[in-house]
Amino acid sequence: MDTGTTKSTVLIVDDSPEQLEAIAHLLYRNGLKTQVARDGKRALELLSKSTPDLILLDVYMPEMDGFEVCRRIKADEETSGIPIIFFTASNDETSIQKAFGLGAQDYVTKPFKSVELLARVNAHIKIRRQAKVLEDSYRELDSFCYTVAHDLKAPLLSIQKLTEYLTEDYYDRLDKDGRELIGHIQDKSSDVVTLVSRLLEFARFSNRSLKFETVDLSALFREVFGELTLAAPNRKIRFSVGEIPRVQADRLMMRELIANILSNAIKYTRKKEKAVIEVGASCDADTVTVSTRDNGAGFDMRYSDKLFKVFQRLHSQSEFEGTGAGLAIVQRIVQRHGGVVWITGEVGKGATICFRLPLRRESSSMYREKLSEQSSRVFS
Ligand SMILES: Nc1ncnc2c1ncn2[C@@H]1O[C@H](COP(=O)(O)OP(=O)(O)OP(=O)(O)O)[C@@H](O)[C@H]1O
Ligand SMILES: [Mg+2]
């Protein structure tokens, strides 16, 4: 594992040519490669072509200030992981706080001390490299998960088919016990096929590259609810959706997220005579929080931390069917959009699931659609 800092690239963004030159020279003398940009626009252009290991960013620049540049970098999945060190004035507490709030990793005050700047640069490059190794391991694990599930599915489907033939062709020759046994085999194999299919879905949403566009979540909630309840025409559900601001998100993933949330709300209100499902939203300057509340079976909050793990369930199969993959998929999708998700509930009273997403200001063209080498290899 190479955790050294040689050959690492640092992008320096500053409107002062003297400052740019001084920093570039310092870093170069210490074995680092540098890229320079005199304004935010140029910095974003450079970032769309290559990914440096670290960004040094001045706060005050004409046209687009450092905060806006930082906001855009952190909003783009391709660049959000690059550590950013801000240059601020020594007494500028407000800027420092704002920079951290936007996801910057550190700051250096101007006029900077060479030793301090180098120490911080090297430390953050090292952390970034270690984080990359971890990310790669996670990706490998996801691919492994996908491959295992994928390779298991075909033989499992064959077993299912073979038992079907057995039942059709040998039914008369089997006694009661034999027929019962075959029935069990069929049930169990169909359970495993469902599990494996959900695992594949989970892996797919973990690896699929994001394609951002403007998504009207209110409309999507209504659409998905309509589709899901087609299969349950006898259910009477009072369903309402409040105003939700449009978000920049991957539509397909949002659909899957909503489908999993609503299918839970529909399923766990099944035993209520008057089922109620309410979707609402609240926002602040940078985020939107969407909540889905139902008055269904609820769950014991003591075990709530388990629910976002794959195959973890709090209800028995006989009470409510399911595999336990839905919320794990939900969490992956929300995390991949830079958000957070949580769920609360009370036994017999219902559950509320909330997800918070960053409100991205950029146009969708900011986001690249490039499939990572990894996912195209795995899913081709
Ligand atoms: N709206 C809800 N009301 C009550 N319990 C819930 C609700 N949503 C989730 N849960 C609990 O969280 C567990 C995990 O949910 P998740 O959606 O991952 O799995 P599932 O619905 O059991 O199966 P799947 O979604 O894979 O068909 C559920 O088994 C249930 O115990
Ligand atoms: Mg579910």
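Only a predicted model underlies this, so the values are computations on that prediction, with no experimental measurement involved. Order of listing sets the numbers, starting from 1, for every ligand and every atom in it.
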Exercise for the section: Any chance you could lay out the side chain to side chain donor-acceptor pair (under 3.5 Å) test for Thr9 and Gln35, step after step, and finish with the verdict? Expected result: CA-CA 7 Å; Thr9 306; Gln35 288 181 317; over 6 Å; no
Problem - Residue shell around ligand 1, heavy atom under 4.0 angstrom - result: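 Ligand 1 is contacted, at a heavy-atom distance under 4.0 Å, by Arg198, Asn264, Lys267, Tyr268, Asp294, Gly298, Phe299, Leu307, Gln312, Arg313, Leu314, His315, Gly322, Thr323, Gly324, Ala325, Gly326, Leu327, Ile343, Ala351.
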Exercise for the section: Give the ring-plane orientation class for Tyr107 versus Phe100, where under 30° counts as parallel, over 60° as perpendicular and anything between as tilted. Expected result: perpendicular
Handout entry: Aromatic ring pairing His315/Phe320, orientation class (parallel under 30°, perpendicular over 60°, tilted between)
Key = perpendicular
Practice task
Look at the side chain of Arg336 and the backbone N and O of Arg208, then say whether any donor-acceptor pair between them is shorter than 3.5 Å.
Solution key: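 Yes, the answer is positive, given that a donor and an acceptor are paired below the 3.5 Å cut-off.
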Problem - Derivation of the side chain to side chain donor-acceptor pair (under 3.5 Å) call for Thr214 and Arg246 - result: CA-CA 6 Å; Thr214 305; Arg246 285 162 198 265; over 6 Å; no
Problem - Donor-acceptor side-chain pairing of Asn260 and Ser263 below 3.5 angstrom - result: no
Practice task
Answer with yes or no whether the side chains of Thr352 and Arg293 bring together a donor and an acceptor at under 3.5 Å.
Solution key: no
Practice task
Can you measure from CD (Glu164) to CD1 (Ile159) and round to the nearest 0.5 angstrom?
Solution key: 13.5 Å
Problem - Centroid separation His337 to Phe355 less than 6.0 Å - result: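 No, they do not, as the ring centres are separated by 6.0 Å or more.
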Practice task
Could you grab the protein N, O or S atoms closer than 2.8 Å to the Mg ion (ligand 2) for me?
Solution key: Asn264 OD1
